[in-house]
Amino acid sequence: MGGDSRFLGIAYVSPYIIGLLVFTAFPFLASLYLSFTDYDLLSAPKWVGLDNYERLFTRDRTFDKSLWVTLLYVFMTVPLKLAFALLVAVVLNYKLKAIGFFRTAYYVPSILGGSIAIAVLWRYIFAEAGLVNMALTGLGMDPINWFGDPQNAMFTLVLLRCWQFGSAMVIFLAALQSVDKSLYEAASIDGANKWHVFRYITVPLITPVIFFNLIMQTVQAFQEFNGPYIITNGGPLKSTYLLPLYIYDKAFKSFDMGYASAIAWILFVIIMVLTVLAFWSSKKWVYYAGDKRS
Amino acid sequence: MERKLKRQERRSAIIRYAVLTVVGLIMLYPLFWMIGASFKTNSEIFSSPWFWPQEPTVQGYIDGWRTSTPYTFGHFFLNSLYIVIPKMVGVAISSVVVAYGFARFEFPGKKILFGILIATLLLPDVVTRIPQYLLFRELGWLDTYLPLFVPQWFAMEAFFVFMLIQFMRSVPRDMEEAARVDGANTLQVLWYVVVPMMRPAIISVCLFVFMWTMNDFLGPLIYISSVENYPISLALKLSIDATEAFAWNQILAMTVLALTPSLVVFFIAQKYFIEGISTGGVKG
């Protein structure tokens, strides 16, 4: 049945192979090609060599700004969100009666997370007369102009992401619960304190999951669109004009497809470089216990 | 000594519960506030951060439902369903079939293909978006729902394929082999043996697809241009543009409605979400 099984295997995965070619591989290469062209949808793409890239790096101030705020956003959001997710997972990992309740409560914001409705809600919570400012004045503080000040506007977006730590937390929690309890017992007999146990037993054992969450959250954060589009609309002064927004505007508002593809490729290369760096560094800090993790 | 330890333990348990509860309340308060505010009058929304409305009214819902377009909000809900249903069915069927191929058969190139599957988990959508748009434009699919679900019929959500493969790996093969010995072909084995065993995982896939599709904004924003075809997410965006700063209660009411399907589905089936996310490590 060997040959038969081979054929069947390919037959079963064939939808994926077709999809991969048509919807991933071809668009992937096409976007690289387009990034070297000038294409406005009306006439055929015109080859311009490295012009788009040159324009981006030497003449386009908006790109510089957008790249900078994107990096800022990612490097603030990802560590904060992961730290919070891990912290809450550790607390929830103790024997708790209402663990199901808390897990759900913390998970709800993530599940609704990227939705436009939540972005709309956020916009109203941080509005001038919104919930947050009402609470601040209620506490006797001055209201804050959340969307008028570049730093504050960025803060609301970062906060929105961190609020959605739930899915990272669920993954951490699953990992924590699969840690062999006898290791903790051994450590406590040896007189280790809680911090030592966490630092030298728990963390090393869950590094594969930390790594997984780190990569996934980074790739996602680089592609954030709904928040800045709905909540701040890229402003003020382009302080939340993340690259995906810029790409969207160039591609679907000004129909500058070649230029937009070039920006998309720069974004892609940044994500790739960081991912490769993470994988490379992971050899030093990610600990795989034999073949236990499958 | 032992007594002291016990007391300490109890104290730290209380602190833990207190912290968890406070943080949980802060987390959920925006949602409570939104629901409360949707039943307030416009002027009351601005006057108190407390979530409970003093004079509850459904006026926000009535006005919001009417929308500023010739269509009601119900029309947009239906539009969302026209996208969600074909997508959900397509993802479930194609992902199960492909995962079965990966998990149960050997074929040349399998390792490479699986490697590609994992790599596409990390591939940012942003690089393929523009050519995909051009492709669908060539096909004359703009302003239809086809671009929003046809790719998913080809198992293009690598997350779900990966999650199902993980799940199948942990399912013992005895029953499948027994069915084979009894003369069932692989398709019959898939349908009568594997699919029933995988039910929880398949349900979890469907639920995630439902949620993400209801929440999807960028896809419809790119492909759907006429208001008649707008799904909920675009309709909501339209409503904030149309009534900027004037009718908070309407907008919050429609926001609540837009979130309701997702919330209801989540609370009915939360165990599937949590299982799904912890086995497959789903994004989000």
Side-chain angles (χ1 to χ4, degrees), chain A residues 5-6 8-10 12-13 15-16 18-19 23-24 27-28 30-31 34 91 94 102-106 109-117 120-121 124-125 129 131 134-135 138 167 170-171 174 212 215-216 219-220 222-223 225-226 230 244 247 251-252 257 260-261 264-265 267-268 271 275, chain B residues 16 19-20 24 27-28 30-31 33-34 46 48-49 94 97-98 100-102 105-108 110 113 116 120 122 124-128 130-132 135 151 154-156 161 169 186 211 215 217-218 222 233 236-237 240 248 251-252 255 258-259 262 266 270 273-274 277-278 281-284:
Chain A
S5 146
R6 267 185 186 185
L8 280 169
I10 294 175
Y12 279 112
V13 298
Y16 180 68
I18 296 167
F23 299 115
T24 308
F28 183 71
S31 113
L34 283 173
V91 178
Y94 290 99
F102 287 117
R103 202 170 52 177
T104 305
Y106 290 142
S110 303
I111 204 80
L112 306 171
S115 82
I116 216 64
V120 170
L121 171 65
Y124 284 81
I125 286 179
L131 174 65
M134 275 192 282
S167 45
V170 172
I171 297 171
F212 173 85
I215 299 266
M216 296 319 287
V219 175
Q220 274 173 52
F222 268 111
Q223 298 187 80
F225 179 82
N226 290 1
I230 295 289
I247 295 170
F252 302 106
M257 293 293 179
S261 301
W265 262 81
L267 185 56
F268 170 66
I271 297 174
T275 309
Chain B
R16 228 172 274 141
V19 170
L20 284 171
M27 293 274 305
L28 294 180
L31 297 172
W33 177 79
M34 169 185 70
F46 296 105
S48 144
S94 64
V97 166
V98 170
Y100 182 57
F102 272 115
F105 298 90
E106 290 306 322
F107 52 87
K110 178 172 145 173
L113 202 60
I116 294 174
T120 53
L122 300 175
D125 299 335
V126 71
V127 267
T128 51
I130 290 168
Q132 275 183 4
L135 173 71
F154 294 87
M156 283 296 96
V161 180
R169 277 185 181 155
T186 56
M211 213 67 113
N215 290 348
F217 177 68
L218 188 56
I222 291 173
S233 53
L236 208 54
K237 162 72 174 135
I240 57 172
W248 282 33
I251 290 167
L252 289 170
T255 308
L259 286 174
S262 299
F266 176 70
Q270 37 162 318
F273 284 99
I274 287 167
I277 205 171
S278 28
V282 175
K283 66 177 171 178

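In what follows, chains carry the letters A, B, and so on, assigned in the order in which the sequence lines appear, proteins first and then strands, with residues in each chain numbered from 1.
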- Message: I need the residue from B/V161, B/L252, B/V19, B/L122 with the largest number of non-hydrogen atom pairs under 4.5 Å to chain A.
- Response: B/L122

- Message: Return the CE to CG distance between B/M34 and A/L131, rounded to the nearest 0.5 Å.
- Response: 12.0 Å

- ring-ring contact (aromatic ring centres under 6.0 Å, His included) partners of B/F217, counting only residues at least two apart: A/Y229

- Query: Are side-chain N/O atoms of A/Y124 and B/T255 paired as donor and acceptor at under 3.5 Å?
  - Reply: no

- Query: Is it the side chain or the backbone of B/M27 that comes within 4.5 Å of chain A heavy atoms, both, or neither?
  - Reply: both

- Task: Tell me, for B/F266 versus chain A, whether the close heavy atoms (under 4.5 Å) come from the side chain, the backbone, both or neither.
- Result: side chain

- Checking side chain to side chain contact (heavy atoms under 4.5 Å, CB included) for the pair B/W33/A/L121: CA distance, chi angles, key distance, verdict? CA-CA 10 Å; B/W33 177 79; A/L121 171 65; 4.0 Å; yes

- Message: Nearest 0.5 angstrom please: A/I111 CD1 to B/M211 CE, how far?
- Response: 4.5 Å

- Given B/P131, B/A258, B/S233, the one with more heavy-atom pairs under 4.5 angstrom with chain A than any other is B/P131

- Query: Which atom pair, heavy atoms only, marks the closest approach of B/M156 to A/G19?
  - Reply: CE-C, 3.3 Å

- Note on the structure: What one should report as the nearest heavy-atom pair of A/P109 and B/L28 is CD-CD2, 4.4 Å

- Given A/Y106 and B/L20, is the side chain to side chain contact (heavy atoms under 4.5 Å, CB included) satisfied, shown in steps? CA-CA 9 Å; A/Y106 290 142; B/L20 284 171; 3.5 Å; yes

- A/Q220 side, atom CD; B/D125 side, atom CG - distance, nearest 0.5 Å: 10.0 Å

- Okay, side chain of A/S31, backbone of B/V127: is any donor-acceptor separation there less than 3.5 Å? yes

- Query: Hey, is the main chain of B/P124 close enough, under 3.5 Å, to the side chain of A/Q223 for a donor-acceptor pair?
  - Reply: no

- Item | Non-hydrogen atoms of B/I130 and A/A251 that approach each other most closely | CD1-CB, 3.8 Å

- Looking only at heavy atoms, the pair that brings B/N215 and A/L112 closest together is ND2-O, 3.8 Å

- From the list B/G101, B/P108, B/G24, B/P151, the residue making the most non-hydrogen contacts under 4.5 Å with chain A is B/P151

- Message: Are the side chains of B/I240 and A/I230 in contact, using a 4.5 Å heavy-atom criterion?
- Response: yes

- Rounded to the nearest 0.5 Å, how far apart are CG of A/L8 and OG1 of B/T186? 4.5 Å

- Message: Parallel, tilted or perpendicular: which one describes the rings of A/F23 and B/F154, with boundaries at 30° and 60°?
- Response: tilted

- Query: Which pair of heavy atoms, one from B/P49 and one from A/M134, lies closest together, and at what distance?
  - Reply: N-SD, 3.7 Å

- Item | Toward chain A, the part of B/L135 with a non-hydrogen atom under 4.5 Å | side chain

